[in-house]
Amino acid sequence: MSKAIQAVRGMNDCLPSETNIWQMVEATLRRVASNYGFAEIRMPIVESTHLFKRSIGEVTDIVEKEMYTFDDRNGDSLTLRPEGTASCVRAGNQHGLLYNQEQRLWYMGPMFRHERPQKGRYRQFHQFGIEAFGIASADIDAEVIMLSNRLWKELGIKDVVTLELNTLGSNEERATYRDALVEYLTKHEDKLDEDSKRRMHTNPLRVLDSKNPDVQAALTDAPKLSEFLGEESKQHFDTLLARLDAAGIEYVINERLVRGLDYYNRTVFEWVTDSLGAQGTVCAGGRYDGLVEQLGGKATPGFGFALGIERLVLLLTSLDKVKNVRPQADVYIAMMGEEAELVGNALAEQWRDEVKEIRIQCHCGGGKFNKQMKRADKSGASVAIILGDNEIAEKTATVKYLREQKDQESVAFDQIPALLEKLM
Ligand code: ATP
Ligand code: MG
């Protein structure tokens, strides 16, 4: 045998034993998004490289070292999307969805980043994202955060996630702050690690969320962004907090929360958990009022977030929240004898016509009764319908209960749909 081919490192298969929980999570995400009047948008997985360079920012981790970029056969530089917001804005501009309009959109799908694979961090991963366009006031910030809060409630993980909030102010306020921060960091350069020294020149705000405790200690007396905020930015943040308070949503203000993408202004937030080790951020987002214009559209405010579905699935699994995992089939049809084999599938077709949601596996491949019953057991079905030549002649099936102590019984064909209804 030749050597079996393996999947690309960091790109996972989602096996049948796991797709159940994925489908449950995806269904909840879709339902909650529509509960808030958001519509789905689907964008391509591949975009022009400059879309991400221009939106996410040249000196961010994503653009500097995480993108899957390659030349198309005709020499165009393309990139597997590392996130969804840039594509969503591109699509909105291209199709005139954002021009003088409000849009409330969601998307879901695979994203690609060349990172070191570890628990909760993969090279192909999946995000669900929300984007609201055309609303500058903080009420939409609150509404979108409430939507995220409802996701945790619906998924049963509300107890293990915490909302962290910060405001980055306007571009001008942030630029002034940036100068003050660089001045401070320059004075304390000897206490910074290599990464922070480099960032001090390229993206100094990122030094604030360094994971290195020594760097964090060196930041104790650093100037705070909140001291540089103007009246409007403060007002925006206060309005958001008041709305969250009114809705009973708890939060922690984390002045060092800055996010790794350049396009954010004003509100930024993360939902974090202690239950996932180092990869503790489940969901992250904020306001990006400059992005639509930056990508060639008319200036239009935006607010959104993205959550990592793998991290959600890990969290649900680790907390043992995965209940009611349905087996693959409700009913298994065994067929013994020529006549039964001839008409068995046709009978199953009739029953599928009548009971739309029923999941019926028909035995295929022949074989003895015992073999067919083993397959029936493995299918997870709760009932086996046994068809033999006698049964066909009498238009009755033998129904055998596979998961409960109950005698088998004879059921007339025309009574089978009623029996199937009860199984679901
Ligand atoms: P991190 O700090 O963990 O690298 P990030 O700031 O790069 O996250 P975002 O770009 O804001 O993450 O993406 C939003 C969410 O997508 C994250 O909170 C996380 O749940 C998920 N996510 C990001 N990168 C990965 C990855 N490589 N593998 C799995 N999930 C990811
Ligand atoms: Mg990252």
Side-chain angles (χ1 to χ4, degrees), residues 7-14 18 22 25-26 29 52 55-57 59-68 79-89 106-131 144-145 148 151-152 155 157 160-166 168 195 199 203 205-212 254 256-264 267-288 291 302-318:
V8 175
R9 194 163 119 84
M11 307 213 178
N12 300 320
D13 300 304
C14 188
E18 301 158 311
W22 275 77
V25 170
E26 288 163 0
L29 299 172
F52 302 114
S55 55
I56 298 169
V59 290
T60 56
D61 283 354
I62 294 180
V63 172
E64 272 185 345
K65 51 190 188 200
E66 296 174 0
M67 293 205 306
Y68 277 90
T79 294
L80 302 186
R81 61 181 188 193
E83 58 113 44
T85 304
S87 307
C88 189
V89 171
W106 67 268
Y107 61 82
M108 179 151 58
M111 305 293 161
F112 302 84
R113 296 186 195 177
H114 196 274
E115 304 197 68
R116 192 171 67 77
Q118 51 196 294
K119 184 181 165 198
R121 194 175 290 288
Y122 313 99
R123 291 180 173 174
Q124 174 176 317
F125 61 101
H126 296 76
Q127 284 184 340
F128 166 83
I130 284 280
E131 316 287 1
V144 168
I145 291 174
S148 61
L151 293 172
W152 323 135
L155 291 167
I157 53 173
V160 296
V161 290
T162 307
L163 173 60
E164 293 196 355
L165 278 179
N166 192 20
L168 300 178
D195 214 28
R199 282 195 170 136
N203 199 349
L205 265 66
R206 281 310 309 255
V207 177
L208 295 179
D209 70 356
S210 164
K211 301 268 178 338
N212 183 338
N254 172 1
R256 298 202 177 153
L257 181 66
V258 295
R259 312 283 307 112
L261 300 84
D262 274 359
Y263 51 61
Y264 287 110
T267 314
V268 287
F269 72 99
E270 289 191 355
W271 286 95
V272 296
T273 178
D274 292 332
S275 310
L276 283 181
Q279 272 55 253
T281 307
V282 178
C283 170
R287 182 162 277 283
Y288 49 86
L291 186 60
F303 189 92
F305 70 74
L307 63 80
I309 303 183
E310 279 81 0
R311 291 188 194 175
L312 269 190
V313 169
L314 273 171
L315 197 53
L316 288 165
T317 320
S318 72

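Atoms within a ligand are numbered from 1 in the order they appear, just like the ligands themselves. The first residue in the sequence is number 1, and the count goes up from there. Keep in mind it's a predicted model, so treat the numbers as computed, not measured.
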- prompt: Would you say Leu312 and Trp152 make side-chain contact, with heavy atoms under 4.5 Å?
  reply: yes
task: Kindly give the heavy-atom pair with the smallest separation between Phe52 and Val63, and that separation in Å.
output: O-CG2, 3.7 Å
message: How close do Phe269 and Gly304 get, counting heavy atoms only, and between which atoms?
response: CE2-O, 4.0 Å
task: Measure across Val25 and Val313 and return the closest heavy-atom pair with its distance rounded to 0.1 Å.
output: CG2-CG2, 4.3 Å
- request: Flag Arg113 as yes when one of its N or O atoms lies below 3.5 Å from any N or O atom of ligand 1, and as no otherwise.
  value: yes
task: Heavy atoms only: give me the nearest Val207-Arg199 pair and the separation to one decimal.
output: CG2-CB, 3.8 Å
Mutual orientation of the aromatic rings belonging to Phe128 and Phe305 [parallel < 30°, tilted 30-60°, perpendicular > 60°]: tilted
- request: Out of Glu83, Met111, Arg121, Gln279, indicate the one that has the non-hydrogen atom closest to atom 1 (P) of ligand 1.
  value: Arg121
field: Ala306 neighbourhood, listing ligand 1 atoms whose heavy-atom distance to it stays under 4.0 Å
entry: 14 (C), 15 (C)
task: Check whether any N or O atom of Glu310, backbone or side chain, sits under 3.5 Å from an N or O atom of ligand 1, and answer yes or no.
output: no
query: What do we get for Glu270 next to ligand 1 when only non-hydrogen atoms under 4.0 Å count, side chain, backbone, both or neither?
result: neither
message: Closer than 4.0 angstrom, basic N to acidic O: yes or no for Glu83 and Arg113?
response: no
Residue part near ligand 1, for Arg259, under 4.0 Å between non-hydrogen atoms: side chain
message: I want to know if ligand 1 touches Gly308 in the polar sense, i.e. an N/O pair below 3.5 angstrom.
response: yes
- prompt: Less than 3.5 Å between some nitrogen or oxygen of Val282 and one of ligand 1, yes or no?
  reply: yes
query: Looking at Ala284, which atoms of ligand 1 are within less than 4.0 Å of one of its heavy atoms?
result: 11 (O)
Which of the ligand 1 atoms, numbered from 1, are nearer than 4.0 Å to a heavy atom of Gln127: 13 (O), 14 (C), 15 (C), 16 (O)
